[in-house]
Number of protein chains: 2
Amino acid sequence: MATKSAAKRPAPNASKPSRRRESMSSTLKCFEAFDLLAQEPYELPLAEIAARLQQPLTTAHRLLATLTEAGFAEQDPASRHYRLAGKALWAGAAYLRNSPVYRAAFLIMQEAARHCPGLIHLGALHGNWVLYLHTVGSPSRLYLYADTGERRTLHATGLGKAILAWQPADVVNRIVSQKLERFTKRTICSPTELREELRLTRQRGYAIDDEEGVMGLRCVAAPVFDRSGISVAALSISAPVNVMAPAALEGFATDIREAAMKVSVQIGYRPASSNMLSLMGAK
Amino acid sequence: MATKSAAKRPAPNASKPSRRRESMSSTLKCFEAFDLLAQEPYELPLAEIAARLQQPLTTAHRLLATLTEAGFAEQDPASRHYRLAGKALWAGAAYLRNSPVYRAAFLIMQEAARHCPGLIHLGALHGNWVLYLHTVGSPSRLYLYADTGERRTLHATGLGKAILAWQPADVVNRIVSQKLERFTKRTICSPTELREELRLTRQRGYAIDDEEGVMGLRCVAAPVFDRSGISVAALSISAPVNVMAPAALEGFATDIREAAMKVSVQIGYRPASSNMLSLMGAK
DNA sequence: CTCCAAGATTCCGCAATGCGGAACTCGCTT
DNA sequence: AAGCGAGTTCCGCATTGCGGAATCTTGGAG
């Protein structure tokens, strides 16, 4: 039997301990193909896909056939190129429809938009990114296609800093120890400064993004807490610097914090149980 | 031995010819699980998932482990229930970002919203459904969560009828021969009537939805053509019946047809080749 | 029109990988 | 403590995915 079990662990070389995976490697490859289709070009020929996945043509073909049968990809009848199918959008929207934060925030954001200029964003923490869930506001959103579903860095957005400031230490450490990409001359790229910024954010109860992501755009953001008291999302108001003048910041901050608190309560946060927060200082 | 090769084609009984599938069955099961998570409840316990997929617990666990590793599902640390992860939204939005129709329509819709009341929708044909891609308009969209990514029937929406009216016969046949669900007393549920309605739609150049999907809501819709001259999407304006009075319909129709034509041109349609080609013996 | 090359698709024997019953672990309730 | 229910891990078996080679399709170039 020794030979038999030896076959089980085909790598005598120590590099790969050949752990029994609890997930299915063939399927994971299929999801890689899916990810690839979600990247830039609208559609890709099979050969290109095979090359990028570093898989033989035959395998790539099987993966795409599977994706197609599952409904998440489709093949252009003429060019034979593959692209994402509408079902991907449907599934993505399902995430939103089911998301408690989104559902709670929807009407509150609508309401807030009435007496706030600029754009109101809702973002949630997702891995090392803020994932944009929803936007309301003036229809001058010419500068963005489908911001919903997009992701940005945590350190260069108001939303990101608002979320990060109320995250457990290990998450903060993970983020801070990454390379902090620079977007404008104001972007905070030093770990130390970022930590200090988060401390300030906690102290004042909301985050400020002063042209750190895009020049000419200023933004205030407030965290949304779930029942366990950590931040899972944030709300922000952003507007051109002339609208969001320093003197006006405080007012916007109050509005957005109120809205964020309403959302928090709706998803189960109990403001009373605030042992860890002197944060909502105004209170 | 003989048994070995017999094992290859495990069905001596003729019922299953044991066709070699070109797609991977295990992966398809994984996508079934994905679909399931995209359904109603926010999260599901493993046992429930296994039951609904009609799979043994172990298998369900493997499927979910795979989905989780791929980043499309996540497990609540406390309840151990599974739910969709944000990556689903990201991938769905990628579909939009890459979609030529969406990109072409974005600014045109924004523009159209300036001088039109009500909501302007963009929908694309997807299987037997209209898939809603984008909406602009007055912020009184209280009645919908995330209409983007939702799908509705073709026969009971202006968008659907506008698309269907300029589809090849086989698609129309497929749709018409399905059961046509009733939503209001005005919904067109008879195949014959629907065909006649499509003929009228072609004749007048746009579709009208007169409280056929929702009572109190009227809508006009115009088709968007791709370079091959068939309809791939449609634009619509919908508003309460009092706003969209019979006398005003014509005006809205002109607006929406103009917008739809602009989109068509942007995605490669050549209005010059207006006569229903398909003849062109040259081929 | 004919031939050719590039790409996509299908074929098929081999063995790696997914399968699932059984055993195990971890919280909760009785 | 013991029992229960839900999730997780184990591991031998055989199904199913693998991928090189053969085949089919297309769209130019001659």
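Reminder, nothing fancy here: chain letters follow the sequence lines and each chain counts from 1. No hydrogens, no waters, no symmetry mates; every other heavy atom, side chains included, goes into these values.
The side chain of A/Gln75 lies closest to C/dT9 when the candidates are C/dT9, D/dT8, C/dT17. When the nucleotides C/dA8, D/dT16, D/dG19 are ranked by their closest atom to the side chain of A/Thr59, D/dG19 comes out on top. Taking only side-chain atoms of B/Pro56, from C-beta outward, the nucleotide of C/dG20, D/dT16, C/dT17 with the closest atom is C/dG20. Counting only heavy atoms from C-beta on, B/Tyr82 has its side chain closest to D/dT8 among D/dG7, D/dT8, C/dT17. Here D/dG20 is the nucleotide among D/dG20, D/dT8, D/dG7 with the atom lying nearest to any side-chain atom of A/Thr58.
Of the two residues near DNA chain D, A/Ser25 and A/Ala78, the one whose nearest nucleotide lies more 5' is A/Ser25. Between A/Ser23 and A/Ser79, it is A/Ser79 whose nearest contact on DNA chain C lies nearer the 5' terminus.
The interatomic distance linking B/Arg80 (CZ) with C/dT25 (P) rounds to 16 Å, in whole Å. Note: NE2 (A/His61) to P (D/dT23) measures 18 Å, nearest angstrom. The distance between atom CZ of B/Arg62 and atom P of D/dC10, rounded to the nearest whole Å, is 13 Å. For the pair B/Leu64 CG and C/dG18 P, the interatomic distance rounds to 16 Å; values are reported in whole Å. Nucleotide D/dG20 holds its P atom 11 Å from the CD atom of A/Gln55, rounded to whole Å. When rounded to the nearest whole Å, the span between CE of A/Met24 and C1' of D/dG17 equals 12 Å. Note: CG (A/Leu46) to P (C/dT10) measures 12 Å, nearest angstrom. Remark: C1' of C/dG20 and CD of A/Glu22 are 16 Å apart, rounded to the nearest angstrom.
Relative ring orientation between B/Phe225 and B/Tyr269 is described as tilted, the plane-to-plane angle lying within the 30° to 60° band. Note: A/Phe31 and B/Phe31 have tilted aromatic rings, judged against thresholds of 30 and 60 degrees for the angle between ring planes.
A donor and an acceptor atom never sit less than 3.5 Å apart when one is taken from the side chain of A/Thr27 and the other from the base of C/dG18. Contact annotation: side chain of B/Ser26 to base of D/dG17, donor-acceptor pair absent below 3.5 Å.
A donor-acceptor contact shorter than 3.5 Å links the side chain of B/Arg202 to the backbone of B/Ala165.
Among all heavy-atom pairs drawn from A/Glu43 and A/Ser79, the shortest one is OE2-OG, 3.8 Å.
At the phosphate of C/dC19, OP1 or OP2 sits under 4.0 Å from a side-chain N or O atom of B/Lys29.
Side chain to side chain, A/Thr27 and B/Thr27 meet the donor-acceptor criterion of an N or O pair below 3.5 Å.
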